[in-house]
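Written out below as structure tokens is the structure these notes cover.
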Amino acid sequence: MRKLLLALCAAATAVAAGAVEAGDTTVVYQGKTFVLGTDSSETKVAVYESHGAEMKKTHESSYVDGREIEQVYITSPFLPQKRSPRRYRDHIPEFYYGMAPLAGSVGGFNGGSRLHTNAGKSYEWGLTLFGMGIPFNHAHTFGVTTALSWGYARHNFDKGYAMFNVDGRTELLPLADDEGAEKSYMSYWYLRVPVIFDWQKRINANEVYAGLGLSLEYRSDEHSRFKGGKSGTITPAGDINMNHVGLNLEAHVGYGGLVIGLRTALTPLLNTSSAPRCYPVSMTVGLKLW
């Protein structure tokens with residue numbers, strides 16, 4: 001305290017004696033900013049304290065003809081305000097595309113011989129229609145984000161097999177040699193709402209980020225189909241006993257506008273009482289444009 005008083009006295013003496021240039025004198029001490037100013041009739045001492053990104057005046061005293069006038073401020077825009085923290089936003093990409101194999105179990109990547117999957121030709125793509133983020137801290141580095149995505153998924157099978165509905169039960173059956181299928185798959189459209197806990201930090205002009213959460217998915221317009229040879233395009237089943245609502249676990253990491261995503265279903269894609277047990281998985285690359 002003694003050092004502070006000496007610093008203030010020295011600064012006030014310098015101002016009064018005209019030893020400094022015209023204008024206020026600023027002293028920074030233990031994180032607080034003291035501003036001393038004078039004119040022909042009075043001397044003022046103001047104290048500013050830092051609160052996050054803002055500097056606010058908390059105290060001011062004026063000395064005129066031997067009288068002390070004191071003013072206390074709760075908040076005041078006397079000093080220029082520093083820039084507010086950056087906007088906290090979601091990092092669900094506006095467009096994404098990637099592999100989408102069918103797994104035989106939660107967390108798996110292989111459907112096994114029972115599903116006759118062709119993982120290399122299975123894919124999904126999607127567009128994000130809306131996104132938002134809610135920060136949990138003042139620095140806007142951690143919070144929750146959500147979005148609404150619309151997309152299409154196609155899960156391919158070995159070309160010698162196709163998915164049929166036989167008396168209400170979904171089955172993968174071999175195709176006759178003369179049918180000569182070139183492609184065999186099941187597909188559907190979806191609406192997806194992810195809720196992701198997202199960490200993000202700005203590095204230079206870009207952001208680095210990572211997120212983990214769940215997504216709720218609604219599926220529609222499902223069917224199985226195979227193409228090729230003399231048979232052309234055939235749709236053997238429009239009803240494949242799909243579970244129209246599903247729950248997924250998903251994660252992403254990214255830098256700038258590039259997002260890498262991983263998603264695995266926690267609930268079966270098809271009704272297991274009348275269809276093979278399978279879980280869609282996706283590994284995507286996406287673009288976050290704004």
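Remember, it's a predicted structure, so these values are computed and weren't measured experimentally. Worth knowing before you read on, the calculation uses all heavy atoms, side chains too, and leaves out hydrogens, waters and symmetry mates.
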Open item on the list: So which atom in M132 and which in D90 form the shortest heavy-atom distance, rounded to 0.1 Å?
Closed with: N-OD1, 3.4 Å
TODO: For the pair Y96 and S282, evaluate side-chain contact (heavy atoms from CB on, under 4.5 Å) and give the outcome as yes or no after the intermediate values.
DONE: CA-CA 11 Å; Y96 54 90; S282 64; over 6 Å; no
Task: I134 atom CD1, neighbour heavy-atom count above 12 within 6.0 Å - done: no
Task: Separation of L247 CG from T267 OG1 (nearest 0.5 Å) - done: 6.0 Å
Task: Residue pair M283 / P101, side-chain heavy-atom distance below 4.5 Å - done: yes
Open item on the list: When you measure from the side chain of R219 to the backbone of N243, do you find a donor-acceptor pair of N or O atoms at a distance under 3.5 Å?
Closed with: yes
- [ ] Look only at the side chain of S184 and the backbone of F226, and say whether a donor-acceptor pair between them is shorter than 3.5 Å.
- [x] no
TODO: Indicate, with yes or no, if L216 and Y218 share a hydrophobic cluster defined by side-chain heavy-atom contacts under 4.5 Å among Ile, Leu, Val, Met, Phe, Trp and Tyr.
DONE: yes
Open item on the list: Looking at every non-hydrogen atom in both residues, tell me the closest pair between A275 and L270 and how far apart they are.
Closed with: CB-CB, 3.6 Å
Task: Name of the residue among L262, I260, I92 meeting side chain to side chain contact (heavy atoms under 4.5 Å, CB included) with H252 - done: I92
Open item on the list: Minimum heavy-atom separation for A147 and T128, please, with both atom names.
Closed with: CB-CG2, 3.9 Å
Task: side chain to side chain donor-acceptor pair (under 3.5 Å) evaluation trace for T170 with N241 - done: CA-CA 7 Å; T170 302; N241 292 306; 2.9 Å; yes
TODO: Determine the minimum heavy-atom distance between A210 and V253, stating which atoms define it.
DONE: CB-CG1, 4.0 Å
TODO: Flag the pair E124 and R192 as a salt bridge only when some basic side-chain nitrogen lies within less than 4.0 angstrom of an acidic carboxylate oxygen.
DONE: yes
TODO: For the pair W150 and W189, name the ring-plane relationship: parallel under 30°, tilted 30 to 60°, perpendicular over 60°.
DONE: parallel
TODO: Enter the distance from Y152:OH to Y188:OH here, rounded to the nearest 0.5 Å.
DONE: 10.5 Å
Task: Closest non-hydrogen atom pair between A251 and L212, with its separation - done: CB-CD1, 3.9 Å
TODO: Could you pull out the closest heavy-atom pair between Y88 and H140, with the gap in Å?
DONE: CD1-O, 3.4 Å
TODO: Answer with yes or no whether the hydrophobic clustering places L172 together with M242; edges join I, L, V, M, F, W, Y residues whose side-chain heavy atoms lie under 4.5 Å apart.
DONE: yes
Open item on the list: Has H155 got a side-chain atom pairing as donor or acceptor with A100's backbone, closer than 3.5 angstrom?
Closed with: yes
Task: Shared hydrophobic cluster, L191 / Y97 (ILVMFWY, side-chain heavy atoms < 4.5 Å) - done: yes
TODO: Answer yes when K201 and E207 have at least one side-chain N-carboxylate O distance shorter than 4.0 Å, and no when they do not.
DONE: no
Task: Residue that, paired with L214, satisfies side chain to side chain contact (heavy atoms under 4.5 Å, CB included) out of L249, N248, V195 - done: L249
Task: NE2 on H223 to OG1 on T235, rounded to 0.5 Å - done: 5.5 Å
Open item on the list: Is it the case that the side chain of T146 and the backbone of P194 share a donor-acceptor pair, with hydrogens and angles ignored and the cut-off at 3.5 Å?
Closed with: yes
- [ ] Measure from the side-chain N and O atoms of D158 to the backbone N and O of G160, and report whether any donor-acceptor pair falls under 3.5 Å.
- [x] no
Open item on the list: Closer than 3.5 angstrom, by distance alone: can the side chain of N165 be matched with the main-chain N or O of D239 as a donor-acceptor pair?
Closed with: yes
Open item on the list: Using a 3.5 Å distance criterion without hydrogens, assess whether the side chain of S224 forms a donor-acceptor pair with backbone atoms of M186.
Closed with: no
Open item on the list: For the backbone of G238 and the side chain of R225, can you confirm whether one donor and one acceptor N or O come within less than 3.5 Å of each other?
Closed with: no
Open item on the list: Between L127 and F95, does the side-chain contact (heavy atoms from CB on, under 4.5 Å) criterion hold? Intermediate values first, please.
Closed with: CA-CA 5 Å; L127 301 172; F95 173 77; 3.5 Å; yes
TODO: Examine distances only and state if a side-chain atom of Q200 and a backbone atom of R89 form a donor-acceptor pair shorter than 3.5 Å.
DONE: yes
Task: ring pair (Phe, Tyr, Trp, His ring centres under 6.0 Å): pairs with one or both residues in residues 194-213, sequence neighbours excluded - done: H91-Y209
TODO: Taking S122 for its side chain and N156 for its backbone only, find out whether a donor-acceptor pair lies under 3.5 Å.
DONE: yes
Open item on the list: Rounded to the nearest 0.5 Å, what separates atom CG in L266 from atom CD in E217?
Closed with: 11.0 Å
Task: OG1 on T284 to OH on Y123, rounded to 0.5 Å - done: 15.0 Å
Task: Test log, rule side-chain contact (heavy atoms from CB on, under 4.5 Å), inputs H244 and E222 - done: CA-CA 9 Å; H244 290 282; E222 71 278 7; 3.3 Å; yes
- [ ] Identify whether I203 and L258 are in the same connected component of the hydrophobic contact network (ILVMFWY, side-chain heavy atoms under 4.5 Å).
- [x] no
- [ ] Report yes or no: do Y190 and L269 belong to one cluster of Ile/Leu/Val/Met/Phe/Trp/Tyr joined by side chain heavy-atom distances under 4.5 Å?
- [x] yes
TODO: Any chance you could measure K227, atom NZ, to E182, atom CD, to the nearest 0.5 Å?
DONE: 10.0 Å
